[in-house]
Structure formats: structure tokens, C-alpha cells
Amino acid sequence: MQVRYFGWVRSRIGISKEEISLPTHIDTIALLIDFLKTRGSGYLQAFEEIENIRAAVNQEIAPHDTKIFEGDEVALFPPMTGG
Amino acid sequence: MQVRYFGWVRSRIGISKEEISLPTHIDTIALLIDFLKTRGSGYLQAFEEIENIRAAVNQEIAPHDTKIFEGDEVALFPPMTGG
Amino acid sequence: MIRVQKEDFDIGIELSKVLKSNTEIGGISSFVGIVREYFGDDQIKTMTLEHYPGMTEKTLHDLEIKARNRWDIKDVLIVHRYGTLEPGDQIVLVVTASSHREDALESCQFLIDWLKTDAPFWKLENRKSGLHWVSARTTDTDAASRWVANTDD
Amino acid sequence: MIRVQKEDFDIGIELSKVLKSNTEIGGISSFVGIVREYFGDDQIKTMTLEHYPGMTEKTLHDLEIKARNRWDIKDVLIVHRYGTLEPGDQIVLVVTASSHREDALESCQFLIDWLKTDAPFWKLENRKSGLHWVSARTTDTDAASRWVANTDD
């Protein structure tokens, strides 16, 4: 699965995208975030305020309980500040 | 007193301004309009729908019961359509 | 600033002048009124704007002051044309600039609403069917008066 | 139409293209967002807009459709820049054109409100005091959501 990061989620993790091989029990965005938090302090910092983490699945905004599948493009980022 | 006309008030009367010598009992806009209506059919037509006549005294919007004086500039016109 | 003129205006130039007037500007709202080509099925050949010189400038200036008192705006520009215009021609330009978009957007809407009902202009359309004075719409009066009802917002 | 670009835009040119697109246009509303020079007392040197290519275009396009479904508008233009900008630079342009000013004004405000909360952009300010990500404002979410509450207007 391709995972993309934007804004301060990206700058805290230090990379803008990566390929993740999903362990089979990781099937929602919330579980993906928990899984990513085990990967190091940058991830921990990026996801410490979970209420400020927005997600998109295949470029559509998606709540944290959304089911995810191996071929999906998942993006994690702070609240958007367009305009 | 200088009296000015705009919009269809002007086009019905046929002139855009005139000097009127106010008879002494004519001391409000409403009385001025009644007085003007005696001056001919153009005036009668111009002022037939009194609820659609707006007035300004010295370039300030004024209700029909506003007192007027010899040196004033009075304007009579339809509802404005700016913008 | 307000201007009443026969000449056309260039929105790009007007906006860049507003932008250069202040470094605290975060948003610029604008509205341009345009002469339409049709009234229903009746083609408009020209539209002539008559106005009350002196009172017009006074009214636009008063509206600018009201907007500045009510919103935190850094600059205001109102340009209103008079004379004979054709379909597609620009009639009026309202520009408001603020640090915050809400102030720019609301004050722009306020000004255009009040221009409709308070600025001493009268429009005569020369249509295919003949000459017609444009009637004031009661919806315009309603649009303007809601700003009075909402003074305490 | 929507455009996501690094390059600056010329409002005068954009507006005249909108105006020429349709002869039924009676009013054109526009809003331009500008990079401010100060955050409080802290001077902004540059602001870098990061975005999510693909999702950005999709979101802006969806917003255009929503506005067209809700208001009687003849044309819509959204131009949003990304990359590194300086104070005074233009960030975003929203233009809506309609036969009636209310539709133009409201749809323009609707679009700018929703761009704030829904368009996948993130702003990094390089200020005198250091690098700062711009926080989403809860007032922006409120501004956007009032359009949901008012759907039955």
C-alpha cells in the first residue's frame, strides 16, 4: 500500500510517501496509524494528536474507521488550510 | 426654489429642472407635489403613483412630510436603481 | 475611495492599486455589475444611466464610511459609471480589502446591496420593444434592509 | 473551470475571459487571497503551499459542481497556486458569474469558505521567528458548515 504524508505529518516523519506491506490484521486507517506509530519517534510525534489527523483513501476524505485494502492509496495529514 | 426631476418623473414632465416660486402655504414635499400636479398632464402622470415618488432635499433623501424652504434644492424621482 | 465616471474601468489595474495600498491585506473581494443582453426575450440595445451629480458622490461616500465603521477593512473602492452603455459593458465596481476574508466578503455584499437602493441612479433600457425604465425590485430593498436587522451580529 | 498552478495569475485577464463566456452575465463576484506580511508582530518572509496533486484538482472540481447545482451561475473559475510565495503575492482566485448578483456573491463566498477547509493545501510560513505551519481555524470550519445548515434556504 502506498502511504502519503503532508504538512507537519510529513515534516515530522521526514518522508512524503512510502510503500507499506500491510499486516493482515491492519484493515482500518486507525489501525494503520497505530501500526505506523511503532516505527519510530518521528511517527510517534506525527500522530500524537490523533484528533488533528485527517485521512484520505484514494484521494477521498475518509474517517479513521474506514476499511483499507492493499491496493489503496492512503494519505495522512493535518487539517487542511486552503484558500 | 430649484426643483429637479430624474428618471421617469423627468421624462413624464419633460424637463430636468425648474425654478418654482413657492406659494407661502406650500411648506412640505407632499404639498409641493400637489401644487406641481396642477401644472399640467405631464406632472399629473409623473406623480400619479405617489408611493413610487422619492424625494431629496439638498441632496439628502427626505420623507414627504419634510419641511421645505425657499432656498432648498428639492429633487423628485422614482425609486433608485443603482448598482 | 469613490469615483463616478462616464469612462470604463480596468479591474486588474484597480485591484492592483488597492493591493499596493496596504501590506496587511489578506483578501480582496470585488463585484462588477454588467449590462445584460436580454430582458426575458426582449433584446437590450443600450442602457442609459442617469444620475444626480453631487448627491451620487455624497451617497457613495457615506456608504464607504458606513462599511469602514462596521468592518475591519483596509481599503474600499466604488466606481460607478453613468451614460449610455451596451450589453457586456461594466456598470459598477465594488472592491473591499481586509486582513480577513469575512470582512472583505461581507462589506462587498453590503455595499452592492445598498448601492442598488440608495445610490441616485436610474436606468433606461433601449430594448427591441422600445424604451423601458428599469423598475426597483422589492428583493433589492429586502437585501439592503437585512443589514439593518443584523446590526448586532 | 479550475486550475492548480505555480504561476501567478492576472485577475483582469481572468475576469474578461469569464465575461466573454456568456452574454447573460449581470454580475461577477471575485475573491483574491493574498499572502500577508505579518503574523502579529512576526514578519513573514515567505509562505510555501504544499498540496496533494490529484486530490486537489478533484476537490476543486467537486466544489465547482456543488456551487453550480446550488446557484444559478453562468461561470465559475477557481485558480489556486502552490509553491513558495512572498507577502503581497496572490494565492487563490475565485470568480463566479451570474445573471443575478445574489447568486454570484453567495456562491463566491461558499467556494472560498469550503476551499479553506476542504482543499488539500498546507501552508508553511517562514517567519522571522522561524518556520511555522499555519493552523486550521475553527472559525473556518464554522464558516463552511453554515452552508450545510442552510441547504433549505
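Order of the sequence lines fixes the chain letters, A, B, ..., with proteins taken first and strands second; residue numbering starts at 1 for each chain.
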- Query: Does CG in D:Asp41 sit with more than 12 non-hydrogen atoms of other residues, nucleotides or ligands closer than 6.0 Å?
  - Reply: no

- Message: Is it the case that atom CZ in A:Phe35 sees more than 12 heavy atoms from other parts of the structure closer than 6.0 Å?
- Response: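 Atom CZ in A:Phe35 is packed in, count exceeds 12.
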
Rounded distance (nearest 0.5 Å) linking atom [atom1] of [X] with atom [atom2] of [Y]:
{"X": "D:Asp118", "Y": "A:Arg54", "atom1": "CG", "atom2": "CZ", "answer": "10.5 Å"}
{"X": "D:Trp133", "Y": "A:Arg12", "atom1": "CH2", "atom2": "CZ", "answer": "10.0 Å"}
{"X": "A:Arg4", "Y": "D:Met55", "atom1": "CZ", "atom2": "CE", "answer": "11.0 Å"}
{"X": "D:Asp62", "Y": "A:Ile61", "atom1": "CG", "atom2": "CD1", "answer": "11.5 Å"}

Please classify the contact of [X] with chain A as side chain, backbone, both or neither, using a heavy-atom distance under 4.5 Å.
{"X": "D:Ile91", "result": "side chain"}
{"X": "D:Asp140", "result": "neither"}
{"X": "D:Thr141", "result": "neither"}

- Item | Minimum heavy-atom distance between D:His51 and A:Phe6, given as atom pair plus value |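 Closest approach of D:His51 to A:Phe6: O-CE2, 3.3 Å.
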
- Message: Using every non-hydrogen atom in the two residues, find where D:Tyr52 and A:Ala56 come nearest and quote the distance to one decimal.
- Response: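 Answer, listing the atom of D:Tyr52 first, then A:Ala56: CE1-CB, 4.4 Å.
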
- Query: Does any N or O in the side chain of D:His80 come within less than 3.5 Å of the main-chain N or O of A:Gly83, such that one atom is a donor and the other an acceptor?
  - Reply: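 Such a contact is found between D:His80 side chain and A:Gly83 backbone.
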
- Message: Any heavy-atom pair between the side chains of A:Met80 and D:Lys116 that's under 4.5 Å?
- Response: no

- Message: Is any side-chain heavy atom of A:Thr81 closer than 4.5 Å to one of D:Arg137?
- Response: no

- Side chain, backbone, both or neither of A:Ser11 within contact of chain D (heavy atoms, under 4.5 Å): side chain

- Any idea which of D:Val94, D:Leu93, D:Thr117, D:Leu124 has the most non-hydrogen atom pairs under 4.5 angstrom with chain A?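 It is D:Thr117.
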
